[in-house]
Amino acid sequence: MASLTSPTNTTNSPDPTFPSLENCQSMTHLKQIHSQFIINGAINNPVVQTRLIAFCCTHNAGDMDYARGLFAAVPDPNVYVWNTMIRGHSRRNSPINAASLYVEMLEKGVKPDDYTFPFLLKSIAPGIGFNLGREFHGQILKLGFDSNVFVQNALIHMYALFGEMGVARQVFDKCSKRDVVSWNAMISGYNKVKRFEEAVRVFVEMERERIGPTAVTLVSVLSACAKLKDLEMGKRVHLCVEDYDIELNLILENALVDMYAACGEMGVAVEMFRNMNVRDVITWTAMVTGFANAGQVDQAREYFDEMPERDKVSWTAMTDGYLRASRFKEALDVFREMQASNIRPDGYTMVSILRACAHLGALEVGEWIRCYIDKNKIRRDVVLGNALIDMYSKCGNVESARKIFEQMVQKDKFSWTAMIVGLAVNGHGEEALDLFTDMLEASIAPDDVTFIGVLSACTHGGMVEKGRRIFSKMTIRHGIEPNMAHYGCMVDLLGRAGHLKEAQEVIQNMAMKPNSIVWGALLGGCRIHKNAEVAEIAVKKMLELEPENGSVYVLLSNVYAACNRWKDVHKIRDLMMVKGIKKIPGCSLIEMNGAIHEFVAGDVSHSQSAQIYSKLEEMAQVLKVAGYQPDTSEVLLDIGEEEKETAIYQHSEKLAIAFGLISSGPKATIRIVKNLRMCNDCHRMAKSVSRVYNREVIVRDRTRFHHFRHGSCSCKDYW
DNA sequence: TCCCCCAAAG
């Protein structure tokens, strides 16, 4: 038979009954060899049996079912063979199979040895077999294997996998002998549970005990330094490479590049990157992330475009870069490119895209992502659930946000906070407060952000007394010192409700120097309650803090306009002209069929500009007939009344509404995201549109949502 | 035959 002279039993093994399986690469090949042994009788040799089993258990192409068959034919397997079988199951992370083999082995009277438990413990993977792992630990203690360093290290690793670093530490502390692997297992364990300071501390402890680190140690510690952005420590670890004569390898170089990149040392990172002989996708991705985090998203993109290959992590890193740079449309573009190149996104990618959708108010894309997640069975973990809640509520769809929230099996404080904030900004103040009560009942500790949500719920709902109570409880009961944003909320709450004096008292009693946002909140109250005197105080303070901030002048002029002090309105306008201060241009976004359309006031750049303006003209007539009166009081230009009307007709949100009316179906909700506060007139007009055109219009402005329906707004004209 | 390692999230 020709196969008797196959390459497996030529050079190294002159004896055909003791073949080498070195060149065997596949199960097909192994089965051929197996049949030869059956034919020539070598199959009865225990060494041959063992080698065949070992192939199935250790080779990448190995088949455990086949191993089981071979194993069954072995009359009296020794401990080595049992270990090999257990190892086979551990490679495939099936602790149940590994454990049942172990039980079988004991039943057959074979005693485990030093190798058995490391294999058993290795079969355990995150999420599966923790209880088995504890049972293995029990067996280890019972049979006295707990002084073996390999067993100890495997135990540390197993507990670390489940985030049980307390138990891991106990095992570590009790170790009779510790080697460098024990230390490495502790460091990587702390990394796994994101306790990076602890990881570094273990490394320092290790240095003190004069345990020489290995490349593995340095890689783990560098990873911790990267997460902590601890450049000093990172450099110290870098020095260890020479001090301990550790040979560089790709993983270690990647860890170094990543550490420097994460710490913003892009110069060093680039130099190391250039000096590397071999780079892989991780090296490149570390560079992309580094530039992105340093705010140099265009540099990141250059590296990204040069990458020889990209995986989902690289694509997500690029998306995150655009997110960080507030270039949300480009973030969505990257996602589209990613799909075009057939890379399958995962939960991380989804979170990024959802964040972009949240910023853009891109509900269609967001919905599409939710369907994609469900269809592709992407695990909806807490983070992804939270991102969905945030996306829905920032797109003005609280009902869906609430649905996601209710469906979540696991909720953390971020889930609760996202939902509370979502309800609050969408005008469901009472519901937000109810949810806050539920949160406390569920023993989830609120944080400072939760209180921003709760206080703004009170603000948007005009619940002054509740707000006062919650504000005082925040410190007393929950131990959270109010920060600038909390004071801002309180001033806003009191100011809007007309308690301008109390609002000023809050500012006076602040533990820190009030910033312009706090004064701005007071100013907002002055506009509503037409108090020019207090407004002037607030403006003076704001201009001391930010002399170039044009919106301050705009706000003050709005107050004067509300008080009918037209001379002062003109004075402000002239002052702005002289100082060359411009207001931030208003900008509105609207999503249509997955594309984001952007409008600024007077915009003629849109491809359907002509239709949009003729729709606006039609709207002007139709709405006026229906009783809508333009409100030009907030126009800052020194022009005639008619021109003022023209000016406000071209506000970006009106252009977006007109575009929405002509581009969507007759019943579709129009959703707009505006970068500034809505002006009085746009608000008035949107109410009118919702009635006359029988359309729901949702506008998200800087701080809250306006849900226009049947001629009125969810904010009750109070914003 | 065994144990430890690199890039992305609210």
Plane angle bin for A:Phe436 and A:Phe451 - parallel if under 30°, tilted between 30 and 60°, otherwise perpendicular: perpendicular

Sugar-phosphate only, base, or nothing, as touched by A:Asn148 at under 4.0 Å among non-hydrogen atoms: nothing

By salt bridge (charged side-chain N to carboxylate O under 4.0 Å, His left out) - contacts of A:Lys413 (at least two apart): A:Asp447

Residues in contact with DNA chain B, drawn from residues 133-140 of chain A - heavy-atom cutoff 4.0 Å: none

Nucleic acid contacts - residues 312-320 of chain A versus DNA chain B, non-hydrogen atoms under 4.0 Å: A:Val313, A:Asp320

Sugar-phosphate, base or nothing in reach of A:Asp346, heavy atoms under 4.0 Å: base

Touch class at under 4.0 angstrom, heavy-atom based, for A:Val257 against every strand present: nothing

Touch class at under 4.0 angstrom, heavy-atom based, for A:Ser223 against every strand present: sugar-phosphate

Aromatic plane relationship, A:Phe405 with A:Trp416 - under 30° parallel, 30 to 60° tilted, over 60° perpendicular: perpendicular

Touch class at under 4.0 angstrom, heavy-atom based, for A:Thr84 against every strand present: nothing

Touch class at under 4.0 angstrom, heavy-atom based, for A:Lys194 against every strand present: nothing

Residues from residues 262-297 of chain A lying under 4.0 Å of DNA chain B - heavy atoms: A:Ile282, A:Thr285, A:Thr289

Sugar-phosphate only, base, or nothing, as touched by A:Phe117 at under 4.0 Å among non-hydrogen atoms: nothing

Sugar-phosphate, base or nothing in reach of A:Asp114, heavy atoms under 4.0 Å: base

Contact boundaries on DNA chain B for chain A, cut-off under 4.0 Å to non-hydrogen atoms: B:dT1 to B:dG10

Set of residues satisfying side chain to side chain donor-acceptor pair (under 3.5 Å) with respect to A:His137, sequence neighbours excluded: A:Tyr159

Sugar-phosphate, base or nothing in reach of A:Lys413, heavy atoms under 4.0 Å: nothing

A:Tyr260-A:Glu271 side chain donor-acceptor pair, cut-off 3.5 Å: no

